[in-house]
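Worksheet: the structure to be examined is printed underneath.
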Amino acid sequence: MKVLHYKFRRQILRINVAETSWDLDRFIDFIEANPVLGFDTESTGLDWWNSDRGFRIRLAQFGNGVESWVLPVEVNAQFKAAAIWALRKAERLIAHNGTFDQHVSERTLGVTLEELAPKMLDTKIFAHLVDPRGVKEFGPGAKLEELVKYYIDPVAASEVKGSMASIAKRYKVKKAEIWPLVETWDEEYLLYAGTDPIWAYRLLHVLMPKVPARSRASGLIGWEHRLAHVTALMERTGYLVDAEYAAMRIAELKAEEEQWVGVASQWVENINSDKQLIEAFHRLGFKLTKKTKKGNLSVDSEVLDSIDHPLSEAVKKATKAAKWRKTWFEAAINGMDSQGRVHASMNTLGARTARYSISGAIAAQTFPAKDGYVRHSFIAEEGHVTVSIDFGNMELRVMASASNDPVMLEAFHADEDLHNITAIAAFGPMEPGQKKHSKRAAGKGTNFAIGFGGTWRAVTDGFGVPEEDAKRAVEAFWCTYLGVAKFAEKLKGDARRTGYIYTATDRRLPVDRRRLYSALNYYIQSTARDITARAILHLHAAGFTPWMRLPVHDEIVFSFPRERAAELTEKAARIMEFTFKGLLIPADGEIGDRSWGSVLDLEDSKH
DNA sequence: GGAAGTACGTA
DNA sequence: CGTACGTACTTCCC
């Protein structure tokens, strides 16, 4: 047995590293004496779905607040058996982003998500309930290193968590490449690995009492853990890729890119270099004036659109073709497992409002929305069809019912068009015989912009509405929807006094006092997220999880058996829809063909 | 090699 | 005084 020590604020953390099977007696004693354990794994990478082609677990670590054990499970089958035993023996496992370690444990040790999830306490969830702000927003952040720095000790955070960077330097490789390369018995590696479960254990005990009483009383802790489990099950299932379709698009986009790069090469060497483009356009006699945030000359799409020259067209087309190919089609192909499936990485509390973020091979939240071009790459199972069920007007309905605004509620109850109503309030009645107000766009822009916490400027910039119309519509909004105005003021007042607002689910969200206008948006966005989260949990309880593929904000994508699609879609939509403070948030399904893209190609698609 | 800055895709 | 994200690229800096 190797024993390492880490000195920490006059305390000494003890890290036991099992070297031979004889050491396991002491390990077993430790596990039996500690029913609540910090837990972590080290592996060869993040691609747990490739466990049949190269992905391996290397170490399994268990600890309490002062002592841990590192089992180098990659070198000894008995260590592996001991890790499996410990996972099953533990009453509680505390891990940071425990979903990842659950995937690793399932794939490499055979201990399933279903076994692990009920005993998991995830410090990432606790951290978000306490303070969801990132480091850039002057909050604690969400990574283990950031949290240790904020809540435990800055020196320990940088020393221990910086060690992987230092090891990478020693091995002369990039930080991202060190994980499979570092020697099993490298002491710096073992120290890094061994302290992780100790930090997780300590963090939980620091964070637990900081979870707001209201959030705890509402059961948010258990709720978020159950949600993370269902999400993990979706990650495990993955999404089937139509590799042939993706390959076809890749070839097409490559050819297009080459053609336009050829055109542009008369003027610039690198179409991605803003510097070269600015020079080239100046040589050609165009005066650029638009500035970026930092005050440099901008060459974004708006600037390029304003320049009537073959170079600007070539740059736009070439960059777009390259970006689409790499970001979506190649990501899907490169991310496929041996069964032709991709596994999204879903962060159930990605945003400070608790919205999901989805990253990796299927960055679903960034797919172009106007048609099925990208989404055709993802297909339902053999004999299945893709179904998309989304909530109708969720955020505006949340705004109406949370604020109990009589005018807005009446519009929704009578199934009237809210954007028209805002337009009428600002510009007078519609012309007889018309279904849409001639200034409906201004009404629509205003309704959304206010929900974002914006002003008239947001309406002009974001929705292309003339300045005068935007100003008038925004003024009319606040005079018409007095309930919303009152609610927004109430939230601002809460934020001003306490620094926080509470959402409908009793989630506490910090609001920057210099940006009180964002309070309304935080409430709406976060409450809407929780309505989708509620739907996911209810669908799980009703047995829909094997068919669920992805949540995309106010939409859930399914793969349903073709012959049962109509019945299951209806059932799922009824489970999803929810009456929030007296107002129904309706859910509507669209049944496509096999690919996700086919849903968007439907004639009467809302998409 | 990694951080910062820029741009652009989404709800 | 327009919210929340992820990805890919170049340039800057150590």
Spacing between [X] atom [atom1] and [N] atom [atom2], to the nearest angstrom:
X         : N       : atom1 : atom2 : value
Phe329(A) : dG9(B)  : CZ    : C1'   : 13 Å
Asp461(A) : dC1(C)  : CG    : C1'   : 12 Å
Ile556(A) : dA11(B) : CD1   : P     : 16 Å
Leu288(A) : dT6(B)  : CG    : C1'   : 15 Å
Ile531(A) : dA11(B) : CD1   : P     : 18 Å
Asp512(A) : dA4(C)  : CG    : C1'   : 15 Å
Ile178(A) : dG2(B)  : CD1   : P     : 11 Å
Met164(A) : dG1(B)  : CE    : C1'   : 16 Å

Full working for salt bridge (charged side-chain N to carboxylate O under 4.0 Å, His left out) between Lys492(A) and Glu489(A): CA-CA 5 Å; Lys492(A) 278 190 196 173; Glu489(A) 282 311 311; 3.6 Å; yes
Counting any heavy atom closer than 4.0 Å, what does [X] reach on the DNA or RNA strands: base, sugar-phosphate only, or nothing?
X         : answer
Thr319(A) : nothing
Val299(A) : sugar-phosphate
Lys169(A) : nothing
Gly453(A) : sugar-phosphate

Contact under 4.0 Å: [X] side-chain N or O vs [N] OP1/OP2:
X         : N      : value
Ser518(A) : dG2(C) : no
Tyr517(A) : dT3(C) : yes
Arg515(A) : dT3(C) : yes

Say whether His376(A) and Asp242(A), considering side chains only, have a donor N or O and an acceptor N or O under 3.5 Å apart.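 No donor-acceptor contact under 3.5 Å links the two side chains.
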Both atom distances under 3.5 Å, Watson-Crick or G-U wobble: I'd like the secondary structure of DNA chain C as a dot-bracket string, with | for pairs made across strands. ..|||||||||||.
Before we go on, tell me: are the rings of Phe452(A) and Phe448(A) under 6.0 Å apart, centre to centre?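 When the ring centroids of Phe452(A) and Phe448(A) are compared, they turn out to be at least 6.0 Å apart.
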Would a line drawn from the ring center of Phe378(A) to the ring center of Phe367(A) be shorter than 6.0 Å?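 Between Phe378(A) and Phe367(A), the centre distance is under 6.0 Å.
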Enumerate the residue pairs fulfilling ring-ring contact (aromatic ring centres under 6.0 Å, His included) with a member in residues 497-518 of chain A, sequence neighbours excluded, ordered by first and then second residue.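 Listed by first then second residue: nothing to list.
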Listed once per pair and sorted, the ring-ring contact (aromatic ring centres under 6.0 Å, His included) pairs that draw on residues 254-282 of chain A, sequence neighbours left out: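 Only Trp267(A)-His309(A) qualify under ring-ring contact (aromatic ring centres under 6.0 Å, His included).
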Counting primed atoms plus P, OP1 and OP2 as sugar-phosphate and everything else as base, spell out the protein contacts along nucleotides 5-14 of chain C at 4.0 Å heavy-atom distance: B, S or - for each nucleotide, 5' to 3'. SSSSSSS---
side-chain hydrogen bond (donor to acceptor under 3.5 Å, both in side chains) involving Lys317(A) - partner list, sequence neighbours excluded: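 If we apply the side-chain hydrogen bond (donor to acceptor under 3.5 Å, both in side chains) test to Lys317(A), skipping adjacent residues, the hits are Glu313(A).
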Please identify each residue that fulfils side-chain hydrogen bond (donor to acceptor under 3.5 Å, both in side chains) with Asp512(A), with sequence neighbours left out.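 Result, side-chain hydrogen bond (donor to acceptor under 3.5 Å, both in side chains) vs Asp512(A): Arg514(A).
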Among dC1(C), dA11(B), dG1(B), the nucleotide that comes nearest once only the side chain of Arg355(A) is considered: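 From the listed options, dA11(B) comes nearest.
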Given dG1(B), dG2(C), dT3(C), the nucleotide with the shortest approach to the side chain of Lys174(A):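 Nucleotide nearest to Lys174(A)'s side chain: dG1(B).
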Ion pair Glu188(A)/Lys169(A), N-O distance below 4.0 Å: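 No, this pair does not count.
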Answer yes or no: is there an ion pair linking Asp530(A) with Arg534(A), defined by an N-O contact shorter than 4.0 Å?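 Arg534(A) and Asp530(A): not salt-bridged.
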